[in-house]
Structures are given as C-alpha cells and as structure tokens.
Number of protein chains: 2
Amino acid sequence: MASNSEIALKKTRNNLLISIGSRIQKLRENKGFSQVDLAARMLGKFDTTNISRIESGRTNPTIFTLYRIANALEVSIKELMEFEALE
Amino acid sequence: MASNSEIALKKTRNNLLISIGSRIQKLRENKGFSQVDLAARMLGKFDTTNISRIESGRTNPTIFTLYRIANALEVSIKELMEFEALE
DNA sequence: GTTCTTAATGCCATATATGACAAGTTGGTA
DNA sequence: TACCAACTTGTCATATATGGCATTAAGAAC
C-alpha cells in the first residue's frame with residue numbers, strides 16, 4: 001500500500017512535471033513551432049510522441065532531453081526552468 | 001558504426017552531465033554535506049551510489065531527481081542550472 | 001462530404017535511471 | 001599496523017524514458 005508520504009511525493013512529482021511541460025508548450029507556441037517542428041530541431045533523434053508526453057507531464061524527462069529541447073527553442077536551460085511551481 | 005554526428009552528440013551529452021555533476025558537487029561541498037548527507041536530505045529514497053554517479057557525470061538524471069537534489073541543497077532548480085558549459 | 005495538420009494515445013522494444021547491496025579505494029587518525 | 005569515513009565501482013533487478021509505429025480525434029480548410 002502507498003503511504004501518505006509516497007502519495008505526497010507522487011503529487012510533488014506530478015506538479016513539477018506539469019509545470020515544466022506547460023513551460024515548454026508555452027515557449028514552443030510562442031515560437032510558432034508545432035511539436036513536429038520542435039522534434040525536428042532537436043539534436044539527435046526525438047519522437048514527437050514524447051514531446052506530447054512531456055508537455056502534458058506524463059513523463060519525467062532527463063536533463064539531456066531538456067537540454068536538447070531548450071536548444072531547439074533557442075533558450076538556455078535556466079530559462080526553461082523559469083516556470084511557476086504548482087502548489 | 002557510430003557516425004560523426006552521433007559521436008558529437010555523445011560528447012555534448014557527456015559535457016552537459018559533467019558540468020551538472022560538478023555543479024552539484026560544488027554546492028554540496030559548500031554546504032559541508034557528504035553524499036550520504038545529501039541522499040538522506042532528499043525527498044523519497046535516493047541511493048548514495050547514484051549521487052556519486054551523477055556528480056561524476058556517469059548518469060543522465062531525470063528532472064525530478066535534480067529537483068530533489070536542489071531541494072536537499074536548499075537551492076532552486078534554476079540555481080542548480082547555473083553551471084559553466086564545457087568546451 | 002474529403003483532405004491536411006496537429007496533437008493525443010496505445011502498444012511494444014530497447015536503453016538506461018534508479019534501488020539495493022557488496023567490495024574496493026583513498027585519506028586521515030591513532 | 002589497524003580502523004574509520006567518504007567515496008567509487010561492479011553487478012543485478014525493476015521501473016521508466018525514449019524510439020518507433022499505428023490509431024484516433026479535432027479543427028481548418030477545400
């Protein structure tokens with residue numbers, strides 16, 4: 001069974017992932033890129049499927065993935081991290 | 001066989017991971033924490049083994065892991081990302 | 001109606017992050 | 001010498017990020 005702290009940790013994780021996903025989506029749309037555009041601009045291969053999953057907070061991306069996303073969006077990782085945390 | 005761009009991508013990844021690992025180590029040592037201390041301060045479970053691997057750039061941590069590390073080090077994720085890029 | 005773009009979602013395979021533990025190393029201190 | 005703390009490294013299992021592809025849905029055009 002899941003303890004209260006495990007549930008709280010999962011909520012913290014979900015809030016983080018949703019915040020970052022929203023941040024990415026916002027930056028992407030400000031640039032006028034589609035998810036396909038963004039994946040195409042990234043270093044190496046990256047599947048549009050995963051862009052969708054990251055933007056909606058369904059996966060927990062690695063720092064290298066976020067680095068490549070930031071690069072494709074022409075912002076620094078620091079700028080990518082300027083999101084408002086959900087409670 | 002690995003193409004030139006695959007090799008370049010791997011080098012980019014390694015440089016990123018080493019930069020972030022060094023940044024974490026520096027912040028940790030400034031706080032006077034051992035790796036055991038840091039792992040103990042993190043939300044949820046985290047193994048000291050993995051602290052070592054992250055600090056030396058041998059693994060590609062997820063954003064949630066970095067979030068928990070930042071939290072344990074009492075800095076924001078943005079501050080954690082203030083590292084000097086290699087090369 | 002159809003067609004096109006965009007995005008979401010489901011499934012499967014592979015690579016790897018992490019958990020967990022044992023063993024080795026290094027530096028200090030006695 | 002021995003001991004101890006901090007760290008590294010190896011191995012294995014499990015969870016999951018990502019690659020890849022098919023399908024679905026919604027909206028905008030025509």
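Remember, predicted model here, so these are calculated numbers, not experimental data.
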Between C1' on C:dT16 and CD1 on B:I54, what's the gap in Å once rounded to a whole number?
13 Å

So how far is it from B:N4 CG to B:L9 CG, rounded to the nearest 0.5 Å?
12.5 Å

Toward the 5' end of DNA chain C, which comes first, B:L17 or A:E29, by nearest nucleotide?
A:E29

Rounded distance [0.5 Å steps], CG in B:L80 versus CG in B:N71
11.0 Å

Looking at residues at least two apart in the chain, or sitting in another chain, which of them share a side-chain hydrogen bond (donor to acceptor under 3.5 Å, both in side chains) with A:N60?
B:T62

Separation of B:I24 atom CD1 from C:dA17 atom C1', in whole Å?
14 Å

Length of the CG-C1' vector between A:N60 and C:dT18, whole Å:
11 Å

Listed nucleotide nearest any side-chain atom of B:T62, set C:dT6, C:dT18, D:dT18:
C:dT18

With sequence neighbours excluded, residues passing side chain to side chain contact (heavy atoms under 4.5 Å, CB included) with A:N15:
A:K11, A:L86

The correct set of residues in residues 64-80 of chain B placing a heavy atom under 4.0 Å from DNA chain D is none

With sequence neighbours left out, write down each residue that passes side chain to side chain contact (heavy atoms under 4.5 Å, CB included) with A:S22, or none if nothing qualifies.
A:I18

Mind listing the N/O atom pairs, protein and nucleotides 25-30 of chain C, below 3.5 Å?
none

What is the distance from atom OG1 of A:T65 to atom CG of A:L43, rounded to the nearest 0.5 Å?
11.0 Å

Nucleotide by nucleotide, nucleotides 24-30 of chain D touches protein heavy atoms under 4.0 Å in the pattern (B base, S sugar-phosphate only, - none) -------

For the helix from C:dG1-D:dC30 to C:dA30-D:dT1, measure the angle between the helix axis at one end and the axis at the other, each built from five pairs, rounding to 10°.
30°

Here the pair of heavy atoms bringing A:F83 nearest to A:L16 is CZ-CD1, 3.8 Å

Rounded distance [0.5 Å steps], OG in B:S19 versus CD1 in A:I63:
11.0 Å

For B:I63 and C:dT18, what is the distance between atoms CD1 and C1' respectively, to the nearest whole Å?
16 Å

With sequence neighbours excluded, give me every salt bridge (Lys or Arg N to Asp or Glu O under 4.0 Å) pair touching residues 45-67 of chain B.
B:R28-B:E55

So which one's nearest nucleotide on DNA chain D is more toward 5', B:V36 or A:K45?
B:V36

Partners passing side-chain hydrogen bond (donor to acceptor under 3.5 Å, both in side chains) against B:T12 (at least two apart in sequence or in another chain):
none

Please pick, from C:dA7, D:dG19, C:dT18, the nucleotide with the shortest atom-to-atom distance to any side-chain atom of A:D47.
D:dG19

In short, salt bridge (Lys or Arg N to Asp or Glu O under 4.0 Å) pairs touching residues 29-44 of chain B with sequence neighbours left out are B:K31-B:E74, B:R41-B:E74

Which atom pairs link the protein and nucleotides 8-11 of chain C when you take only N or O atoms and keep those under 3.5 Å?
unit_1	atom_1	unit_2	atom_2	d
C:dA8	OP2	A:Q35	NE2	2.7
C:dA8	OP2	A:S52	OG	2.6
C:dA8	O5'	A:S52	OG	3.4
C:dT9	OP2	A:R58	NE	3.4
C:dT9	OP2	A:R58	NH1	3.2
C:dT9	OP2	A:R58	NH2	2.1
C:dG10	O6	A:R53	NH2	3.4
C:dC11	N4	A:R53	NH2	3.1

The reported gap from CG in B:L27 to CG in B:L73 (rounded to nearest 0.5 angstrom) is 6.0 Å

Give the rounded distance in Å between these two atoms: CZ of A:F46 and P of D:dG20.
11 Å

Chi angles and distances behind the side-chain contact (heavy atoms from CB on, under 4.5 Å) call for A:L38, A:F46
CA-CA 9 Å; A:L38 175 55; A:F46 203 77; over 6 Å; no

Report the distance from atom CD1 of B:I24 to atom CD1 of B:I69, rounding to the nearest 0.5 Å.
4.0 Å

Just jot down the side-chain hydrogen bond (donor to acceptor under 3.5 Å, both in side chains) partners of A:K78, sequence neighbours excluded, or say none.
B:E82

